[in-house]
Amino acid sequence: MKKNKKSPMIREGVLDVLRKYLGVEEIPLNIPPGKEMGDFSSAIALSLAKERRKPPMEIAKEIAGYLNENLPPFILKVTCTPPGYLNFKVDWLKVAQALIPEILKRGDSFGKPPSLRKEKVFVEHTSVNPNKAMHIGHLRNSVLGDTVARILRWLGYSVDVCNYIDDTGIQVVDVVSALLYLDPPVFEKDTLDLNLIWGKIPSDEPLDYYCWDLYARFQEEMEKDISLSQKRERVLHQIEKGVPPLSVFAKDLATKIVHSHLDTVAELSIYFDLLNWESDIIRQGFWNATFDLLKEKGVIRFEEKGPNQGCWVVPYGGHIETEEGVKSLDKVLVRSNGSITYTGKDIAYQLWKFGLLERDFLYKIWGTQANGEILWTTSPEGEPASKIGRSFGKADLVINVIDVRQSYPQEVVSECLGQMGFKKQAESSIHLAYEVVNLSAQAARLLGMVETEEKKTVAMSGRSGTGVKAKDFIQLVKRRIIEKSEQIIEEKVAQALAASAIRYYLLKYSLESQIIFDFDEALKTTGDTGVYLEYAYARASSILRKAEEKGIGFEWDDHCLPTHITETERELLDSLSQFSTIVEKVGKTLRVSQLAEYAFTLATSFTNFYEHPDPHLKNQTLFIHLQDPKLRTFRLSLVKAFKLVMGNTLSLLGMSRLQKI
RNA sequence: GCGCCUGUAGCUCAGCUGGAUAGAGCUACGGACUUCUAAUCCGUGGGUCGGGGGUUCGAAUCCCUCCAGGCGCGCCA
């Protein structure tokens, strides 16, 4: 029998044998009601009973008979129970014998696929309008995108992470207009020194915070004073056409705010490869090329009459009658005034991501990030990709992390690609849609919002300035962590714990679950939280540190295997053995909450093992105090194995590996 | 009106492709720190899985229907 070189995967081995024997692809596994029955089970015989026209028990016995003759790796025996379940008893000693040394040997790369993949993945996330501070809803996007990117990199894909900067949209125009026209000195002629305008910004308040209020205030002022929206219109045109000094001013403002956004997400260890500026999409002629292509392929048509008269549209669903009158389901790409809609630009941009446009951005270095990696940005003053020795786009798979409200336009983008003949790329356009973060009634009240009826939740809105700012939240969590700590902890540790707590909080919900942000819930430091994960890791580190201090060496060899594996040891081994399968699965489904869940399960199984290494004994003797050197070596090795796998899991979730808390 | 999503313990949520007795955390109550981290662990309490029908040997999971909530369906952004 050839020794299994890959990391021990108990269930996979069984599935392999079963699949071959039965010729069935999908074989679900379950957990039997009692541990004495087996470690896991399958109801496959019950499912097969009908088509094979045999009683399930008979089939089960047959399968069990075969399996017991041809035992899959790590399986001790296979039994069946009525009405036809197959129960698998795992040989945990064998698992320990194979798994522990494997983990210890491979360390950081345990469970990682051995070879790189050819496919290139383009992940876009964050993409916050550069006109105000980020709020916690934006953070959900960043954390999801960052975690997906980490997982895909781990799995061997080449991943480019990009942050799209919408610098020409109305939102930036609003803030620019507010700065120009709200409080004196007011911008009148093109000759006005813009330094006077910059001078209005208080030095003691961060720019993104100042703009947060200013933006909201501008919305109010516009309602009162109609002339403001006319002024805004003029600003918009100047910026769109790239007329200085306003276009330069707007770009400066956006650039400064982008810096604060990047600082904000860096607090959660989120970094990018490229900043993509919308202004560059237009400037480099992406749209013109796309427009020609769309016309050539007959994907869009010019409307001579009807509600969309004078527009270029994607015929998508014809017209419908609603209570509000006749509506067109067609998507407008070019307005009757000749301007391009978001979706239009998105199509051009999506084509570029796949390398389907004959055009490219110009690039230059933005700076070096805290993780040591260079961040690139598109720029009119940049150089072509060939000159910088790095290429972007040309992806095989594109993942756009955008909240669920954008599902319809995202669908249009992918549909257009398909209709243009890019079927494969249309299928490889993934909209990673997640539900929004809303404020609980309690949170809204704490933020001083006037109670509008008895609403259960309140949506965050930049427009009205309601929301919890990301940086405030991070500070709040940090302070809470310091408060809750029994001993004095370092600033750095508190920061790392806060980041882990927040990432975990935003990650553990399934994508289609709205997060109802509640301060009590979000500031928890006990139970199912990021802090728990870090604590388990730090605890394992401490044990190993202590062992080293006391000069207790432990070198793994097969002789230190105990005669039997305790219940908590078994649970831990089981969790450890599932690591790579989980990561692989999440890489496919992109349901990152399942990795978060795994992290918690793994941490729990370790904590249980730590508290009761031998649950049947009345008094637990812990690790370094064990008299039996063999058992001591075995358990310390298990602690080390946990530390390594937990460390890998934390890294994938973008969390620090704290050696000490 | 049409489409998508959600409804599971007092609260916040898991539950993958249908499988045996539906799980966590928080909260409440009761325990465990002179020993490598008690931000931990153990125990107790708590659920007609929104309602109803159907498919199936078997349904929280699939289908239909109703109810409740969220979102989308702009030449807005």
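Per chain, numbering begins at 1; letters A, B, ... match sequence-line order.
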Side-chain donor/acceptor contact of [X] with base of [N] under 3.5 Å:
{"X": "A/S593", "N": "B/A14", "value": "no"}
{"X": "A/S336", "N": "B/C75", "value": "yes"}
{"X": "A/N131", "N": "B/A77", "value": "no"}
{"X": "A/Y535", "N": "B/U37", "value": "yes"}

Over how many whole Å does the gap from [X] atom [atom1] to [N] atom [atom2] extend?
{"X": "A/Y215", "N": "B/A77", "atom1": "OH", "atom2": "P", "value": "11 Å"}
{"X": "A/I624", "N": "B/U35", "atom1": "CD1", "atom2": "P", "value": "12 Å"}
{"X": "A/F40", "N": "B/C16", "atom1": "CZ", "atom2": "C1'", "value": "16 Å"}
{"X": "A/R479", "N": "B/A39", "atom1": "CZ", "atom2": "P", "value": "22 Å"}
{"X": "A/Y434", "N": "B/U6", "atom1": "OH", "atom2": "C1'", "value": "18 Å"}

Salt-bridged, A/E278 to A/K345, with N to O below 4.0 Å?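 Here A/E278 pairs with A/K345 in a salt bridge, since their nearest N and O are under 4.0 Å apart.
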Base, sugar-phosphate, or nothing for [X], non-hydrogen atoms under 4.0 angstrom?
{"X": "A/I170", "result": "sugar-phosphate"}
{"X": "A/F623", "result": "base"}
{"X": "A/N608", "result": "sugar-phosphate"}
{"X": "A/Q309", "result": "base"}
{"X": "A/E435", "result": "nothing"}
{"X": "A/D174", "result": "nothing"}
{"X": "A/L544", "result": "nothing"}
{"X": "A/K50", "result": "sugar-phosphate"}
{"X": "A/V531", "result": "base"}
{"X": "A/S41", "result": "base"}
{"X": "A/E26", "result": "base"}
{"X": "A/T601", "result": "nothing"}
{"X": "A/Y85", "result": "base"}

Does the side chain of [X] pick up a donor-acceptor pair with the side chain of [Y] at under 3.5 Å?
{"X": "A/Y349", "Y": "A/N276", "answer": "yes"}
{"X": "A/S605", "Y": "A/S575", "answer": "yes"}
{"X": "A/S127", "Y": "A/N141", "answer": "no"}
{"X": "A/S577", "Y": "A/R11", "answer": "no"}
{"X": "A/S336", "Y": "A/Q309", "answer": "no"}

N/O donor-acceptor pair under 3.5 Å between A/E233 side chain and A/Q230 backbone: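 Side chain of A/E233 to backbone of A/Q230, a donor-acceptor pair under 3.5 Å: no, none is there.
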Residue mapping more 5' on RNA chain B - nearest nucleotide basis, A/I489 or A/T343: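 First, find each residue's nearest nucleotide; the 5'-ward one identifies A/I489.
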Assuming nearest nucleotide by heavy-atom distance, tell me which of A/P28 and A/I515 is located more 5' along RNA chain B.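 Nearer the 5' end of the strand: A/I515.
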If I pick the [atom1] atom on [M] and the same atom on [N], what distance separates them, to the nearest angstrom?
{"N": "B/C26", "M": "B/A9", "atom1": "C1'", "answer": "12 Å"}
{"N": "B/A14", "M": "B/C62", "atom1": "P", "answer": "15 Å"}
{"N": "B/C16", "M": "B/G53", "atom1": "C1'", "answer": "28 Å"}
{"N": "B/U48", "M": "B/U8", "atom1": "C1'", "answer": "12 Å"}
{"N": "B/C73", "M": "B/U17", "atom1": "C1'", "answer": "32 Å"}

Should B/C57 be called syn or anti, with syn set as within 90° of 0?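 B/C57: anti.
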Under the side-chain hydrogen bond (donor to acceptor under 3.5 Å, both in side chains) test, which residues partner A/K643, sequence neighbours left out?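 Listed in chain order: A/Q659.
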By side-chain hydrogen bond (donor to acceptor under 3.5 Å, both in side chains) - contacts of A/W312 (at least two apart):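 For A/W312 there are no side-chain hydrogen bond (donor to acceptor under 3.5 Å, both in side chains) partners, ignoring immediate neighbours.
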Given Watson-Crick or G-U pairs with both distances under 3.5 Å, what dot-bracket string fits RNA chain B, with | for other-strand pairs and [ ] for crossing? (((((((..((((.....[...)))).(((((.......))))).....(((((..]....))))))))))))....
Just N and O in the side chain of [X]: are any of them under 4.0 Å from OP1 or OP2 of [N]?
{"X": "A/Q594", "N": "B/G15", "value": "yes"}
{"X": "A/T457", "N": "B/G70", "value": "no"}
{"X": "A/S513", "N": "B/A14", "value": "yes"}

Protein-nucleic acid N or O pairs under 3.5 Å, nucleotides 58-61 of chain B:
none

What side-chain donor-acceptor pairs closer than 3.5 Å can you find for residues 607-615 of chain A, not counting sequence neighbours?
unit_1: A/T607; atom_1: OG1; unit_2: A/Y532; atom_2: OH; d: 3.3
unit_1: A/T607; atom_1: OG1; unit_2: A/A603; atom_2: O; d: 2.8
unit_1: A/N608; atom_1: ND2; unit_2: A/T604; atom_2: O; d: 3.3

Using 30° and 60° as the class boundaries, would you call the ring planes of A/F291 and A/W287 parallel, tilted or perpendicular?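 Rings of A/F291 and A/W287: parallel, as their planes differ by under 30°.
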Hey, what's the ring geometry for A/H135 with A/H138, parallel, tilted or perpendicular (30° and 60° as the breaks)?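 Taking A/H138 first and then A/H135, their aromatic rings lie parallel (interplane angle under 30°).
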Output a table of nitrogen or oxygen pairs between the protein and nucleotides 21-26 of chain B separated by less than 3.5 Å.
unit_1: B/G25; atom_1: O2'; unit_2: A/D528; atom_2: N; d: 3.3

